[in-house]
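Numbers here are sequence positions counted from 1. No hydrogens, no waters, no symmetry mates; every other heavy atom, side chains included, goes into these values. Both counts, for ligands and for their atoms, begin at 1 and track the order of listing. Predicted model, so just to flag it, every value in this text is computed and none were measured.
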Amino acid sequence: MAAIAVIGAGIAGLTVTAELAALGHAVALFDKSRGPGGRCATRRSAVGAFDHGAPGFSATTAAFRAQVAAWRHAGWICAGNEGHAVATGEAPQHSTPSSIYGVPSMNALAGQIEARLPAAVTLHTGSQVTAIEPESEGEGWQLRLSDGIAHAARFDAIVVAVPAEQAAMLLAPDAAQAEAMRHTCSDPCWTVMAAWAAQPLPPVLDASLSSDAHSVLLTALRDDLRQGRTHEAGVASRWVLHATPQWTVEHLDAPAETVIAELLLALARQLGTALEPPLHAVAHRWRYAQVRAPRSEPFGWHAALRLGSCGDAWHAHGDLGSTPPDGIERAWLSGHALAQQMHQTL
Ligand SMILES: Cc1cc2nc3c(=O)[nH]c(=O)nc-3n(C[C@H](O)[C@H](O)[C@H](O)COP(=O)(O)OP(=O)(O)OC[C@H]3O[C@@H](n4cnc5c(N)ncnc54)[C@H](O)[C@@H]3O)c2cc1C
């Protein structure tokens with residue numbers, strides 16, 4: 001049994017943690033946020049919750065399909081447009097391949113995985129790791145946290161499961177993995193969460209609104225129509241709008257009010273109707289939303305150092321002949337594959 005630290009409790013970190021712990025290893029999971037999930041994120045508000053990170057995901061590989069089937073059986077996810085039919089009885093106008101989503105929210109899926117981690121796993125939230133350092137005596141590793149103090153425990157092996165741009169710094173002890181992450185880049189994404197009190201708006205679900213790379217909106221989602229969502233009194237519809245990568249790059253430092261105004265204008269244009277002032281409108285900027293060109297290797301692993309990395313920056317290829325996996329599937333595949341490799345090596 002090895003003592004392992006996993007840094008990052010997104011889908012990749014949760015997957016590698018669950019599998020290593022099930023194989024008998026003692027795993028400590030660190031995340032800088034208040035809870036697990038990473039970009040499987042849900043923002044709560046007075047008008048209801050918004051899935052403002054990944055709106056959903058797809059499953060293209062046999063291994064991930066088997067996992068998705070288990071999640072679906074447990075009632076943690078909903079596939080396709082079944083939630084829409086339950087919520088409204090109306091037919092949605094569009095659907096995208098990323099049509100599997102968490103119930104009652106994307107972040108709840110991460111919460112369910114976390115809740116079933118073996119008791120031997122220790123979860124440290126609000127713990128930002130700033131460096132991975134060799135133990136002063138012995139052959140293990142120690143973690144330095146953002147308060148400057150080294151975490152008391154020593155570890156036989158470390159897994160870095162954070163976005164590539166942030167992983168590069170933590171992976172400094174292995175120049176090859178650090179370099180690989182430095183050359184992986186992610187697109188940013190401006191996201192607007194908006195709610196209307198009364199205006200009837202079409203039941204667009206997962207709408208891929210444009211194929212024009214120069215336009216403003218990438219997707220618009222009626223979050224309130226999904227299965228398991230709460231319905232607040234006085235709120236008629238809740239939308240999550242994602243800007244295109246190009247528009248986001250061009251407006252990266254724009255004030256939130258400008259972003260909200262531009263995305264609402266774009267939504268009105270797409271729907272062909274003037275919009276009343278929303279009841280609620282908040283913008284969130286994802287600096288690293290989706291990896292542009294993931295690496296072909298399934299994960300990073302230095303056997304002598306016992307230092308690995310996984311996440312959506314890895315595992316670009318799916319099963320032979322299948323569509324390349326998207327972010328959440330890559331994160332899961334990568335964590336799954338690294339756990340198996342580590343168990344063999346350790
Ligand atoms: C707007 C948006 C839309 C998306 N749309 C889709 C989609 O349609 N389909 C799809 O499949 N995917 C989509 N994605 C991408 C998908 O969300 C990610 O690919 C996936 O969630 C990545 O999981 P991960 O575990 O690799 O990383 P993350 O989810 O980013 O998890 C990393 C974790 O590490 C933590 N962390 C970071 N640095 C540190 C540190 N120093 N110390 C401790 N903890 C740290 C973070 O808090 C985070 O919890 C979208 C993402 C966004 C933002």
Peer 1: Could you say whether the N/O atoms of Ala12 and ligand 1 ever approach to under 3.5 Å?
Peer 2: yes
Peer 1: What distance do Thr61 atom OG1 and Leu320 atom CG have between them, rounded to the nearest 0.5 Å?
Peer 2: 13.0 Å
Peer 1: Do the rings of Phe57 and Trp71 sit parallel, tilted or perpendicular, given the 30° and 60° boundaries?
Peer 2: perpendicular
Peer 1: Please identify which atoms of ligand 1 are closer than 4.0 Å to at least one heavy atom of Ile11.
Peer 2: 25 (O)
Peer 1: Could you tell me if any non-hydrogen atom of Ser58 lies under 4.0 Å from any atom of ligand 1?
Peer 2: no
Peer 1: In ligand 1, which numbered atoms sit nearer than 4.0 Å to a non-hydrogen atom of Val129?
Peer 2: 40 (C), 41 (N), 42 (N), 43 (C)
Peer 1: Supply the atom-to-atom distance Leu143 CG to Ile7 CD1, rounded to the nearest 0.5 angstrom.
Peer 2: 5.0 Å
Peer 1: Purely on distance, is any nitrogen or oxygen of Pro163 under 3.5 Å from one on ligand 1?
Peer 2: no
Peer 1: How long is the span from the CG atom in Asp326 to the CD atom in Glu329, to the nearest 0.5 Å?
Peer 2: 8.0 Å
Peer 1: For ligand 1, which part of Ile7 has a heavy atom less than 4.0 Å away: the side chain, the backbone, both, or neither?
Peer 2: side chain
Peer 1: Is there at least one pair of N or O atoms, one from Ile328 and one from ligand 1, spaced under 3.5 Å apart?
Peer 2: yes
Peer 1: If the cut-off is 4.0 Å to any non-hydrogen atom of Gly311, which atoms of ligand 1 fall inside it?
Peer 2: 26 (O)
Peer 1: May I ask you to list the atoms of ligand 1 that are less than 4.0 angstrom from any heavy atom of Gly8?
Peer 2: 33 (C), 34 (O), 35 (C)
Peer 1: How many angstroms lie between CD in Glu297 and OG in Ser334, if you round to the nearest 0.5 Å?
Peer 2: 10.5 Å
Peer 1: Nearest non-hydrogen contact with atom 4 (C) of ligand 1 belongs to which option: Gln290, His124, Arg34?
Peer 2: Gln290
Peer 1: Which of these, Asp312, Val162, Asp31, has its nearest heavy atom closest to atom 33 (C) of ligand 1?
Peer 2: Asp31
Peer 1: Enumerate the atoms of ligand 1 whose separation from the nearest heavy atom of Gly38 is less than 4.0 angstrom.
Peer 2: 29 (O), 31 (O), 48 (C), 49 (O)
Peer 1: Within ligand 1, which atoms have a heavy atom of Gly10 less than 4.0 Å away?
Peer 2: 25 (O), 29 (O), 31 (O), 33 (C)
Peer 1: Among side-chain atoms of His242 and Thr191, is any donor-acceptor pair under 3.5 angstrom?
Peer 2: yes
Peer 1: Using the six-membered ring wherever Trp is involved, compare the ring planes of Trp332 and Phe64 and label them parallel, tilted or perpendicular (cut-offs 30° and 60°).
Peer 2: tilted
Peer 1: Quick check: does Arg39 get an N/O under 3.5 Å from an N/O on ligand 1?
Peer 2: yes
Peer 1: Give me the atom names and distance for the closest heavy-atom approach of Thr230 to Ala49.
Peer 2: OG1-N, 4.5 Å
Peer 1: Run the contact test for Ser127 against ligand 1 with a 4.0 Å cut-off on heavy atoms, strictly below, and give the result.
Peer 2: yes
Peer 1: Salt bridge or not between Arg287 and Asp187? Use side-chain N to carboxylate O under 4.0 Å.
Peer 2: no
Peer 1: So for atom CZ, which belongs to Arg116, do other residues, nucleotides or ligands contribute more than 12 heavy atoms lying within a distance under 6.0 Å?
Peer 2: yes
Peer 1: Please compare Gly37, Pro325, Ser33, Gly56 and report which has the shortest non-hydrogen distance to atom 7 (C) of ligand 1.
Peer 2: Gly56
Peer 1: Working to the nearest 0.5 Å, report the span between CG of Leu333 and CD of Gln67.
Peer 2: 10.5 Å
Peer 1: List ligand 1 atoms under 4.0 Å from Gly327, heavy atoms only on the residue side.
Peer 2: 10 (C), 11 (O), 12 (N), 19 (O)
Peer 1: Of the backbone atoms (N, CA, C, O) and the side-chain heavy atoms from C-beta on, which set of Gln128 has a member under 4.0 Å from an atom of ligand 1: side chain, backbone, both, or neither?
Peer 2: both
Peer 1: Would you check the N or O atoms of Thr191, main chain and side chain alike, for any that come under 3.5 Å of an N or O of ligand 1?
Peer 2: no
Peer 1: I'd like to check which ligand 1 atoms, numbered from 1 as shown, lie under 4.0 Å from a non-hydrogen atom of His242.
Peer 2: 1 (C)
Peer 1: Under 3.5 Å, which donor-acceptor pairs do the side chains of residues 303-316 form with other protein atoms, sequence neighbours left out?
Peer 2:
residue : atom : partner : partner atom : Å
Arg306  : NE   : Asp156  : O            : 2.6
Arg306  : NH1  : Ala304  : O            : 3.4
Arg306  : NH2  : Glu139  : O            : 2.9
Arg306  : NH2  : Asp156  : O            : 3.4
Ser309  : OG   : Gln177  : OE1          : 2.5
Asp312  : OD1  : Arg39   : NH2          : 3.1
Asp312  : OD2  : Arg39   : NH1          : 2.8
Asp312  : OD2  : Arg39   : NH2          : 3.3
His315  : ND1  : His317  : O            : 3.2

Peer 1: Could you see which bit of Ala161 sits under 4.0 Å from ligand 1, with heavy atoms only: side chain, backbone, both or neither?
Peer 2: backbone
Peer 1: Using modelled atom types only, decide if a donor and an acceptor are shared between the side chain of Thr17 and the backbone of Gly13 within a distance under 3.5 Å.
Peer 2: yes
Peer 1: May I ask which of Gly53, Ala243, Ala289, Ser146 has a heavy atom nearer to atom 3 (C) of ligand 1 than the others do?
Peer 2: Gly53
Peer 1: Could you list the residues that satisfy side-chain hydrogen bond (donor to acceptor under 3.5 Å, both in side chains) with Glu262, not counting sequence neighbours?
Peer 2: none
Peer 1: Any idea which part of Arg330 is under 4.0 Å from ligand 1, heavy-atom wise: side chain, backbone, both or neither?
Peer 2: neither
